[in-house]
Each structure stands twice: as structure tokens, then as C-alpha cells.
There are 2 protein chains.
Amino acid sequence: MDHETKERLETFLTQKGLRRTAQRAAILEAAFGTTEHFTAETLLTMARDRDPSVSRATVYRTLALLTETGLLKELDLGKDFKFYDPNYSKHPNHHHIICNDCDKIVEFESKDIEQLESEISHKLGFTIGSQKIEIRGNCEDLKKKGVCSNQTGCEKKKT
Amino acid sequence: MDHETKERLETFLTQKGLRRTAQRAAILEAAFGTTEHFTAETLLTMARDRDPSVSRATVYRTLALLTETGLLKELDLGKDFKFYDPNYSKHPNHHHIICNDCDKIVEFESKDIEQLESEISHKLGFTIGSQKIEIRGNCEDLKKKGVCSNQTGCEKKKT
DNA sequence: TTAAGTGCAAACCGTTTGCACATAC
DNA sequence: GTATGTGCAAACGGTTTGCACTTAA
């Protein structure tokens, strides 16, 4: 976790008047110690690696705090559970391209597309709020290696 | 429901070897008798207006058949339930702009955006599959009239 | 006649919440 | 000391499913 992120998290705790608990520390380190997208369940696992006492309830409660402050972005990728994106506050305008084979997620930005969307919205009588683009396709790994690099990205289990 | 749609539904039933039941008829008429997006629950209500014997289970089972055949498009609009789009098979490349105030959904297409997305995907090493764009904003109704036209679009209740 | 379809109620599963206990301040 | 935070288990809500009954073909 870089220094800037650490500082942002400190500010977050202070401004909201939140207590520094061991569980919150473990969850924050887990969430922002990666640039990968994760689910509530994988975050629980990662946080428990740091502090086994972390409960599922606290993970969900902390996720709610982080998303409403904008430190995490909630993603709806068509699965029946949510993903969380720890890169959003640094790159608020990025979009996602997702591999259908291995669920690998790559981020991109495009001023051109944003401009076009803005024009279309205006023509349709809308004041634009947010834009979300999700491209699905196939990454090169399957073709090249016969298997994607990330086949294990989505399995989940309870404890 | 126009003649072309009717024909498509006939083909759908025949090709899948599905029986023509009163309940299916009611659900199909409800689903394709509108160009609006709907939820499973609103479809249940609409189908029951035609045949009160329709059950929630049959609605869900029929929705599964229609989406896997491509006659309906399942939409994930960030709510905790799914929307279904009956216009998709006629306009497979359209996207959505949604009013944050009233949940009004307007559809649009853009070859330019598709082209840009295609280029970006290629650069990132992806073979493009599908593209999904969701713009959120505010429609003009609230500003003009002080209220959106569609405030009742999303409430749901069980029976 | 009989396999496909249906309604009902229970199960499912990710997420939320009430409550009693623990703890940061 | 006390309000905030926590773990646990139960509740929640949209969706799915097992089962016995119905019905189209």
C-alpha cells in the first residue's frame, strides 16, 4: 500500500470519527494492498490472513463505509455478487474489459468515448451523471497458451 | 405485438419443442406487448392481468427460456433485481441512458463509440465479444415540471 | 397415454441486521 | 465509563428448485 493511499485512509477514519480497530486495519490493508478487483468473500479471506478474527459482517459493514466515501467502487459485472475496485479513487474515469474465458479484468480510459457519450446524452435531453462501459471478449492467453492465466479468479467458498 | 414478433415467438416455441400453454401465452403477450423494460415481478403482474393462474415460478422459467434464445435481453442496472429488454432482438446494438430521478430508460446506438471500443479492445489484446454502455444522468422532466414522469417505475410488491 | 409444464412452498445464496458482548477512546 | 464496533446467527429478498398434480399432444 503506497503512502498516498495510507494517508487517504487515515483521513477517512478521522473525518468519519471512526475508531481504529484491529479488524478494520486488516480489512483496509487487504483491500488496498492489491490493485486487483475483489468480492466481499475474497476480501474476507484476505483480511483473515492478517487477522483471523475478522467476520463476514464486519467486512460488509466496512465495504459500505468505503463505497459511500468513494474509496472503493462497487462493480456490477453481471454475476450474482458484487465486485469492488480499489483503483477507482485514483482513476475515477476508467472502464472495464473482461475476458469471458478467465474473468480477467483490464482497465482503460477514453476521452473520445466520454465526449461522444456526453453529446448523445445532451441530444436525448439528459444531464450526464456517470458513464459505465463494460466490454466482454476474449483475451489472448487462451489462444496462445491454450489456457487463461486467471481461471481461478472467481471461485468462492464459505467458512 | 406486431406480426414479426408473433412469428418469431411461434418459431421459438416450435424449434424448442415447447408446448403452447395458457400461461406461456399470457407471459409472452405481456412481455412483447410492450417496448418498456420490465422486471420479473412486473411481468408477473402483467401476465396475471391476462391469466390470473400464472405463477411466479413459471414467469422465471419462461424468462430463462427467452433470454437463452436471445428474444429477451437481461439487463443489470445496478439494482438488486434484473430488468428485461424486449427490444433487444430487433436492435442488438443498443445501449441505455437512465434517469437517476425517475429511472426512465432511453435507448441509443452509436457506431462511432462501437468503433472506438473495438480499437481499444484490440490494443489491449482482446477479441471483442459484446459491448455494454450505461449512462446515468438526469432527464429534463424534473427541471421542467418539478417532477419526473416515471416516479412509479420501480416499486414492487409480492402477492 | 405420458412426457412436459405448472403451482406451491421450501431452499438457495449473497447480503443485511438485531443483539449481547467487547473495546477504543 | 460509554458510545462505537464486533461476531454470531437469524432474517431478508430475489431467484431457483423438488415434488405432486395438470395438461397438451
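We name chains A, B, ... by the order of the sequence lines, and we start the count at 1 in each one.
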- When the distance from NZ of A:Lys79 to P of C:dT15 is rounded to whole Å, what number comes out? 13 Å

- Message: Counting only side-chain heavy atoms from C-beta out, which of D:dG7, C:dG14, C:dG7 sits nearest to B:Ser55?
- Response: C:dG7

- Can you sort out the partners of A:Lys6 under salt bridge (charged side-chain N to carboxylate O under 4.0 Å, His left out), two or more places apart, ordered by chain and number? none

- Item | Contacts of type salt bridge (charged side-chain N to carboxylate O under 4.0 Å, His left out), residue A:Arg24, not counting sequence neighbours | none

- Task: Please report, rounded to the nearest Å, how far the C1' atom of D:dC12 is from the CZ atom of B:Phe81.
- Result: 15 Å

- Task: Tell me, please, which residues at least two apart from B:His96 pass ring-ring contact (aromatic ring centres under 6.0 Å, His included).
- Result: B:His37, B:His94

- Would you mind reading off the distance between B:Leu28 atom CG and C:dG5 atom C1', rounded to a whole angstrom? 14 Å

- Is there a donor in the side chain of B:Ser53 and an acceptor in the side chain of B:Asp51, or the other way round, less than 3.5 Å apart? yes

- Nearest-Å distance for atom pair CG/C1', residues A:Leu77 and C:dG14: 15 Å

- Message: Between C1' on D:dT15 and CG on A:Asp80, what's the gap in Å once rounded to a whole number?
- Response: 9 Å

- Item | Salt bridge flag under 4.0 Å for residues A:Lys132 and A:Glu117 | no

- Task: Just jot down the side chain to side chain donor-acceptor pair (under 3.5 Å) partners of A:Thr58, sequence neighbours excluded, or say none.
- Result: A:Ser55

- Query: Counting just side-chain N and O atoms, does B:Gln23 come under 4.0 Å of either OP1 or OP2 of C:dG7?
  - Reply: yes

- State which residues pass salt bridge (charged side-chain N to carboxylate O under 4.0 Å, His left out) with B:Glu119; sequence neighbours excluded, sorted by chain then number. none

- Message: According to side chain to side chain donor-acceptor pair (under 3.5 Å), who are the partners of B:Asp49, at least two apart in sequence or on a separate chain?
- Response: none

- Output all residues satisfying salt bridge (charged side-chain N to carboxylate O under 4.0 Å, His left out) with B:Glu29, sequence neighbours left out; order by chain, then residue number. B:Arg50

- One would report the end-axis bend of the helix from C:dT1-D:dA25 to C:dC25-D:dG1, five pairs per end and rounded to 10 degrees, as 20°

Listed pairs, N/O of protein and of nucleotides 16-19 of chain C, under 3.5 Å:
none

- Message: How many whole angstroms separate atom NZ of A:Lys16 from atom C1' of D:dG5?
- Response: 15 Å

- Under the side-chain contact (heavy atoms from CB on, under 4.5 Å) test, which residues partner B:Glu4, sequence neighbours left out? B:Asp2, B:Arg8, B:Lys90

- Task: In whole angstrom, give the distance that lies between atom CG of B:Leu63 and atom P of D:dT16.
- Result: 9 Å

- Note on the structure: When rounded to whole Å, the CG to P distance for the pair B:Leu13 and C:dA4 reads 15 Å

- Note on the structure: Residues pairing under salt bridge (charged side-chain N to carboxylate O under 4.0 Å, His left out) where one sits in residues 65-76 of chain A, two or more places apart or in two chains, turn out to be A:Lys16-A:Glu68, A:Glu74-A:Lys82

- Task: For each nucleotide in nucleotides 20-25 of chain C, reading 5' to 3', give B when a protein heavy atom comes within less than 4.0 Å of its base, S when such contact involves only the sugar-phosphate, and - otherwise.
- Result: ---BBS

